[in-house]
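Below, all heavy atoms of this structure are taken into account, side chains as well, without hydrogens, waters or symmetry copies. Note that this is a predicted model, so its numbers are computed, not measured.
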Amino acid sequence: MIEKSKFFAKVCSVFEKNGLDRYISDEILDKFYLLTEIMLETNEKMNITAITDIDAVIERHYADSLLMLSAGIEEGAKILDVGCGGGFPSFPIAIARPDVTVTGLDSTAKKIAYVNETAKKLGLKNLRAISARAEELAFESEMREKFDVVTARAVASLPILSELCLPFVKVGGKFVAPKSKTAEEELQSARRGIEKLGGRIEKVEKTALRSLIEGEEDAERTIISVKKVAHTEGKYPRAYAQIKKKPL
């Protein structure tokens with residue numbers, strides 16, 4: 001790991017470049033530093049992330065995760081991160097927004113154990129993780145339509161994600177999907193399914209992940225917000241094989 005002061009300077013530069021400077025404080029920077037130490041150390045024993053360069057971690061894991069907050073998340077919101085993997089965007093959101101509660105969901109038990117253990121080490125009482133499959137957990141009464149915000153980052157195409165995520169969103173809440181270059185194409189394919197699942201496209205915000213890494217280009221990003229306007233029918237989500245084979 002690099003010296004803490006240099007790490008802090010890098011995070012500040014990246015966050016300011018991406019309009020995230022409101023999430024800069026000594027406490028937040030300390031937690032990101034400790035998270036980076038733990039993640040890179042754990043990564044030597046198990047596959048947490050393919051990104052190990054410090055500058056890339058700050059940009060592609062931390063800043064990129066926080067871009068979705070532009071969708072607008074109310075104070076005290078209950079957030080579900082579907083397919084959280086090694087904790088993104090779960091960790092950055094829980095660190096930057098201590099007022100919200102974040103539940104990470106992933107089917108890989110080892111990664112979920114890592115997320116929970118690391119959350120304890122970071123003192124993040126607003127983050128917990130569950131090992132389960134979204135298409136099965138969505139039928140549990142304590143999970144179905146109980147979240148203010150549901151998100152999923154780099155998990156699947158929007159037509160598939162919509163069926164996995166919208167059943168968890170309560171009426172009046174939102175599904176937030178950060179997407180890259182294929183956003184418009186995915187959105188067109190997902191429109192019908194989103195409506196069938198009780199959603200309505202509320203906002204499509206084009207932005208970019210601005211890089212400070214030499215030779216690295218800015219990356220296109222589109223933050224898609226879907227408002228939950230009606231209850232999702234009890235037959236959804238279907239089995240994953242069906243969702244993948246024939247999206248709504």
Side-chain angles (χ1 to χ4, degrees), residues 18-20 22-23 63-84 88-90 92-94 96-97 99-105 126 134-135 137-139 143-210 218-238 243 247-248:
N18 284 281
L20 300 167
R22 61 190 173 282
Y23 302 118
D64 200 18
S65 291
L66 294 179
L67 286 179
M68 67 155 282
L69 295 179
S70 66
I73 294 177
E74 294 182 5
E75 188 171 348
K78 290 176 63 179
I79 301 171
L80 177 69
D81 175 14
V82 175
C84 69
F88 301 103
S90 291
I93 292 173
R97 289 286 304 269
D99 61 291
V100 303
T101 56
V102 182
T103 301
L105 171 62
N126 62 333
E135 66 273 22
L137 193 66
F139 291 102
M143 300 293 286
R144 190 176 185 87
E145 297 192 327
K146 291 295 191 292
F147 292 89
D148 301 296
V149 179
V150 178
T151 189
R153 177 176 175 253
V155 174
S157 66
L158 192 60
I160 293 172
L161 281 182
S162 297
E163 188 166 349
L164 292 175
C165 293
L166 277 167
F168 290 104
V169 184
K170 69 182 186 183
V171 175
K174 66 176 75 175
F175 162 44
V176 180
K179 286 292 174 182
S180 53
K181 292 180 180 179
T182 60
E184 192 58 43
E185 181 183 332
E186 290 186 38
L187 190 55
Q188 293 306 319
S189 300
R191 283 183 183 275
R192 184 180 170 210
I194 286 171
E195 290 179 7
K196 189 175 284 192
L197 293 160
R200 183 183 67 214
I201 296 165
E202 181 180 49
K203 185 180 177 185
V204 179
E205 181 184 2
K206 292 188 179 295
T207 184
L209 174 62
R210 308 202 179 280
D218 293 349
E220 292 180 26
R221 291 290 181 268
T222 301
I223 311 298
I224 299 169
S225 298
V226 176
K227 180 104 172 172
K228 186 74 173 282
V229 295
H231 292 290
T232 301
E233 285 186 63
K235 61 183 178 181
Y236 299 118
R238 298 165 294 162
I243 297 173
L248 294 174

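Between Asp81 and Ser90, the side chains place a donor N or O and an acceptor N or O closer than 3.5 Å (distance only, hydrogens not considered). Thr222 and Glu205 form no side-chain donor-acceptor contact under 3.5 Å, judged by distance and modelled atom types alone.
Shortest non-hydrogen contact noted between Ala96 and Leu66 is CB-CD2, 3.7 Å. The minimum heavy-atom distance between Ser189 and Pro159, with the atom names listed, is CB-CG, 3.8 Å. Of all the heavy atoms in Pro167 and Ser162, the pair that sits closest is CD-O, 4.0 Å. Residues Gly193 and Leu248 come closest through the heavy atom pair CA-CB, 3.6 Å. Among all heavy-atom pairs drawn from Ala208 and Leu67, the shortest one is O-CD1, 4.1 Å. Closest heavy-atom contact between Ala134 and Phe168: O-CZ, 3.5 Å.
Separation of atoms CZ (Arg144) and CG (Leu137) is listed at 11.0 Å; rounding is to 0.5 Å.
With Asn18 contributing its side chain and Ala63 its backbone, the two residues share no donor-acceptor pair below 3.5 Å. Put simply, the side chain of Arg97 never gets that close to the backbone of Gly76: no donor and acceptor are under 3.5 Å apart. Lys174 contributes a side-chain N or O that, together with a main-chain N or O of Gly72, makes up a donor-acceptor pair within less than 3.5 Å. Put simply, the side chain of Lys181 never gets that close to the backbone of Ala219: no donor and acceptor are under 3.5 Å apart.
You'll find the side chain of Val82 reaches within 4.5 Å of the side chain of Val150, heavy atoms only. The side-chain heavy atoms of Val149 and Leu80, taken from C-beta on, include no pair separated by under 4.5 Å. Ser180 places a side-chain heavy atom less than 4.5 Å from the side chain of Arg221.
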Step-by-step side-chain contact (heavy atoms from CB on, under 4.5 Å) determination, Phe175 to Ile194: CA-CA 10 Å; Phe175 162 44; Ile194 286 171; 5.7 Å; no
Going through the distances and angles, do Leu187 and Leu158 end up as a side-chain contact (heavy atoms from CB on, under 4.5 Å)? CA-CA 7 Å; Leu187 190 55; Leu158 192 60; 3.8 Å; yes
Kindly indicate, with the supporting measurements, whether the criterion side-chain contact (heavy atoms from CB on, under 4.5 Å) is fulfilled by Leu164 and Ile243. CA-CA 9 Å; Leu164 292 175; Ile243 297 173; 3.9 Å; yes
Is there a salt bridge (Lys or Arg N to Asp or Glu O under 4.0 Å) between Lys179 and Glu186? Walk through the geometry before answering. CA-CA 9 Å; Lys179 286 292 174 182; Glu186 290 186 38; 2.9 Å; yes
Take Glu202 and Ser225 through the side-chain contact (heavy atoms from CB on, under 4.5 Å) test and state the conclusion after the steps. CA-CA 6 Å; Glu202 181 180 49; Ser225 298; 4.2 Å; yes
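Atom NZ of Lys203 has more than 12 neighbouring heavy atoms from other residues, nucleotides or ligands inside a 6.0 Å radius. The number of heavy atoms from other shown groups lying within 6.0 Å of CD (Gln188) is above 12.
Each salt bridge (charged side-chain N to carboxylate O under 4.0 Å, His left out) pair with one or both residues in residues 147-168, not counting sequence neighbours, appears once here: Asp64-Arg153, Asp148-Lys170, Glu163-Arg238.
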Only pairs under 3.5 Å count here: list side-chain donor-acceptor contacts from residues 226-236, not counting sequence neighbours, and write none if there are none.
from, atom 1, to, atom 2, distance (Å)
Lys228, NZ, Glu145, OE2, 3.0
Lys228, NZ, Leu166, O, 2.7
Lys228, NZ, Val169, O, 2.6
Lys228, NZ, Thr232, OG1, 3.1
His231, ND1, Glu145, OE1, 2.7
Thr232, OG1, Leu197, O, 2.7

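The one candidate from Ile93, Ile79, Thr207 that meets the side-chain contact (heavy atoms from CB on, under 4.5 Å) condition with Met68 is Ile93.
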